[in-house]
Amino acid sequence: MIVFASPNVDVRITKIDLTFPAQQFSDTIVNPQPDTVFPKGSSIQLNEYSGINGRQRWVLKFTGVVVATGKSFTVAMNWDVV
C-alpha cells in the first residue's frame, strides 16, 4: 500500500513518523529537502508499505513549518484502515 497525505495549508515538512502500535512497528521519514514547499491540497507520497490490512490503526505524526507564518508544527493523526 502506498500512503499519501494532503496538507490544508502550504507547508514545509521536515519529517513524518508512522507507527503501528499493535505490532510495535515504527518508521521515520526524514525529508532530504526540508525547504521544499508542499502546496495546500497537494498529494504527498509518504512511502510504500506491505502488510497493511483493514481494521488496523496507524498513527502518523507530521513535523514541519507553516509557510505563511514560519511557525513550526507537529500534527498527529490516527489512520484507521478500512
Side-chain angles (χ1 to χ4, degrees):
M1 179 171 289
I2 299 173
V3 180
F4 288 88
S6 181
N8 62 359
V9 296
D10 295 352
V11 294
R12 291 185 182 95
I13 296 175
T14 54
K15 73 174 183 168
I16 304 165
D17 296 303
L18 295 97
T19 57
F20 180 39
Q23 291 186 2
Q24 299 179 347
F25 173 85
S26 67
D27 188 22
T28 297
I29 302 168
V30 177
N31 186 355
Q33 298 175 319
D35 292 329
T36 299
V37 174
F38 295 95
K40 173 183 176 179
S42 63
S43 184
I44 305 166
Q45 182 176 333
L46 306 183
N47 218 339
E48 185 172 350
Y49 296 94
S50 60
I52 295 177
N53 297 305
R55 298 189 178 164
Q56 292 179 343
R57 173 169 276 186
W58 288 66
V59 179
L60 290 76
K61 184 170 79 172
F62 298 85
T63 304
V65 175
V66 175
V67 173
T69 64
K71 280 187 104 173
S72 297
F73 70 85
T74 299
V75 173
M77 61 171 282
N78 290 326
W79 172 40
D80 292 320
V81 181
V82 291

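Since the structure is predicted, the reported quantities are computational estimates derived from the model, not experimental observations.
Residues satisfying the side-chain contact (heavy atoms from CB on, under 4.5 Å) criterion with Ser72, sequence neighbours excluded, are Val65. Shown here are the side-chain contact (heavy atoms from CB on, under 4.5 Å) partners of Ser43, two or more places apart in sequence or in another chain: Phe4. Evaluation of the ring-ring contact (aromatic ring centres under 6.0 Å, His included) rule for Phe62 yields no partner, not counting sequence neighbours. Residues forming a side-chain contact (heavy atoms from CB on, under 4.5 Å) with Glu48 (at least two apart in sequence, or on another chain): Ile2. Under the rule for a salt bridge (charged side-chain N to carboxylate O under 4.0 Å, His left out), Asp35 has no partner lying at least two apart in sequence or in another chain. Taking the side-chain contact (heavy atoms from CB on, under 4.5 Å) definition, one finds that Pro34 meets it with Thr14, sequence neighbours left out.
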Identify every side-chain donor-acceptor pair in residues 17-29 under 3.5 Å, counting partners at least two apart or on other chains, and give the distances.
{"from": "Asp17", "atom 1": "OD1", "to": "Thr28", "atom 2": "OG1", "distance (Å)": "2.6"}
{"from": "Asp27", "atom 1": "OD2", "to": "Tyr49", "atom 2": "OH", "distance (Å)": "2.6"}

Compile the donor-acceptor pairs under 3.5 Å between side chains in residues 73-82 and protein atoms, sequence neighbours left out, one pair per line.
{"from": "Asp80", "atom 1": "OD1", "to": "Arg57", "atom 2": "NE", "distance (Å)": "2.6"}
{"from": "Asp80", "atom 1": "OD1", "to": "Arg57", "atom 2": "NH2", "distance (Å)": "3.2"}
{"from": "Asp80", "atom 1": "OD2", "to": "Arg57", "atom 2": "NH2", "distance (Å)": "2.9"}

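When hydrophobic clusters are built by joining Ile, Leu, Val, Met, Phe, Trp and Tyr residues whose side-chain heavy atoms come closer than 4.5 Å, directly or via intermediates, Val9 is grouped together with Ile44. When the side chains of ILVMFWY residues are joined at heavy-atom separations under 4.5 Å, either directly or via intervening members, Leu60 and Val66 end up in a single hydrophobic cluster.
In this structure, Val37 shares a hydrophobic cluster with Val67, the cluster being traced through Ile, Leu, Val, Met, Phe, Trp and Tyr side chains under 4.5 angstrom apart.
A heavy-atom distance below 4.5 Å is not found between the side chains of Ser6 and Ser42.
Judged by distance alone, the side chain of Asn31 and the main-chain N or O of Ile13 form a donor-acceptor pair under 3.5 Å.
The shortest non-hydrogen separation linking Ala5 to Leu46 is CB-CD2, 4.2 Å.
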